[in-house]
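Positions are given from 1 along the sequence. Keep in mind that what you see is a predicted model, and the values were worked out from it rather than measured. Worth knowing before you read on, the calculation uses all heavy atoms, side chains too, and leaves out hydrogens, waters and symmetry mates.
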Amino acid sequence: MAEEQRWFDDLPVIGRLPAAERAAVLRELDPPADAEVRAQAKGFFSSVPDPWEHTSHAFGFLPPGVSAPGLVEVKPASQIEADPALKNARIAVRLDRLRVAAYPGRGVHRILFDFYARNQRAGGEDDLHFNMVLRAQQGQSAAVVGYPIFLGLGVGDGGVGFRCHTVNVKNEQDEALLGVLESDSMRQGLQLLATVQPALGPLSTMAVGITRALAGRHRNVSVQDFYLGLDFGASATGARLREGTYFAVQAPEELTASCWQQWAYNAQAQHLVERDNPTVPIAHNYIAFSVSRYQAQ
């Protein structure tokens, strides 16, 4: 796949848009009177940005097997120890949560979720994109746990990298296309083999094309975009690969250095929460996906 097709750098998230362009997008998503009232109220009462305005992400890690009630520590992904047994192994990647603290607009959000990884296999590698459609009410989570993304993804000597891009789809004319992506055949994830699969290239190209088409349509807007490279090194600024759950939280950059001291995982409620207010989910959009060793059927 061509370099320019792998990423969506030419499709900036709404938080990166100039102020005037961002305001125009919001006017398209909300009735002008309602949008103006909310903007004035926000400007009068608070200068805190909306969750979708942040362009940075904080990455955390939760080990497997956490089920006891109470709060569980989430470690920064850079402060865990890599599992060398996953080097050149095959893994399963599943989406466990997509929480919408706030996306642009109101009501139920239809979210196109694009997930990228490079599959390392015998004799070569494949650039993979997988699309899914999720629906979530403002302030709630999508009804998804263990949604398969990549099953049998090959890990290289240096680890593996993931990139995620979400599009808030508000154009009603896109409903038919979203219905195709929500079909049972598209809910199985990409089943990967250790050998070459000629169909993967066209499938990934199609997935990229769908994301680009929807992100460029009237009233649709990209909200989250992040890259997370997981390796086997020990650098203080990198992130390590091992089995468990990874969290990507859309948060202001000044918070990302200390957020995991303030947040924890409420195992009973299955939410990231503030340590001093453990019954309420954090006021940030976040995605959680799990990595486990792949067991071939």
Side-chain angles (χ1 to χ4, degrees), residues 8 11-17 21-35 37-39 41-42 48-57 94-115 129-147 149 163-183 186-187 207 210-226 247-251 269-272 280-289:
F8 302 112
L11 299 173
V13 295
I14 187 171
R16 292 190 183 278
L17 297 179
E21 189 173 345
R22 185 188 310 176
V25 170
L26 295 178
R27 283 195 296 270
E28 290 180 349
L29 295 176
D30 278 344
D34 293 346
V37 168
R38 281 194 298 279
K42 178 184 174 183
V48 177
D50 287 309
W52 48 262
E53 293 186 67
H54 306 302
T55 58
S56 57
H57 282 74
R94 294 179 171 86
L95 179 66
D96 286 335
R97 185 166 296 276
L98 187 149
R99 172 150 181 90
V100 177
Y103 264 35
R106 292 178 295 164
V108 176
H109 298 279
R110 296 170 297 174
I111 301 165
L112 176 67
F113 180 94
D114 184 287
F115 206 88
H129 281 263
F130 180 73
N131 287 348
M132 65 183 78
V133 174
L134 303 166
R135 297 174 187 252
Q137 184 79 25
Q138 190 87 314
Q140 298 183 19
S141 299
V144 55
V145 174
Y147 197 128
I149 302 175
R163 185 160 184 175
C164 174
H165 191 95
T166 67
V167 179
N168 193 30
V169 181
K170 288 294 187 179
N171 191 322
E172 295 179 358
Q173 295 179 358
D174 292 323
E175 191 68 32
L177 180 56
L178 294 182
V180 173
L181 293 176
E182 291 180 302
S183 64
M186 300 296 288
R187 294 176 182 266
I210 290 173
T211 300
R212 287 187 174 280
L214 290 180
R217 291 285 294 273
H218 174 66
R219 301 186 78 238
N220 298 342
V221 58
S222 297
V223 180
Q224 292 177 261
D225 186 280
F226 67 81
F247 293 94
V249 183
Q250 189 176 17
Q270 298 185 340
H271 281 303
L272 287 177
V280 179
I282 60 173
H284 299 278
N285 302 320
Y286 70 84
I287 292 165
F289 64 91

Going by atom types alone, do D114 and H165 pair a side-chain donor with an acceptor below 3.5 Å?
->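 Judged by distance alone, the side chains do not pair up.
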
With a 3.5 Å cut-off and no angle check, do the side chains of Q224 and Y103 form a donor-acceptor pair?
-> yes

Hey, are the side chains of [X] and [Y] touching, using non-hydrogen atoms and a 4.5 Å cut-off?
X    : Y    : result
I111 : V223 : no
C164 : I287 : yes
L26  : I14  : yes
R99  : F247 : no
S141 : H271 : yes
F115 : L95  : no

Counting only N and O atoms by type, is there a donor-acceptor contact under 3.5 Å from the side chain of [X] to the main-chain atoms of [Y]?
X    : Y    : answer
D96  : G146 : yes
R97  : A142 : no
R163 : D225 : no
T166 : F113 : no
D50  : A102 : no

Closest approach of [X] to [Y] (non-hydrogen atoms, all atoms of both residues):
X    : Y    : value
V221 : P104 : CG1-CG, 4.3 Å
L272 : V249 : CD1-CG2, 3.8 Å
P51  : A283 : CG-O, 3.7 Å
Q250 : H54  : NE2-O, 2.8 Å
P12  : L17  : CG-CD2, 3.8 Å

If you round to the nearest 0.5 Å, how far is CG of N168 from NE2 of H109?
->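 If we round to the nearest 0.5 Å, H109:NE2 and N168:CG are 5.5 Å apart.
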
Could you walk me through whether V100 and Q138 pass side-chain contact (heavy atoms from CB on, under 4.5 Å), step by step?
-> CA-CA 6 Å; V100 177; Q138 190 87 314; 3.7 Å; yes

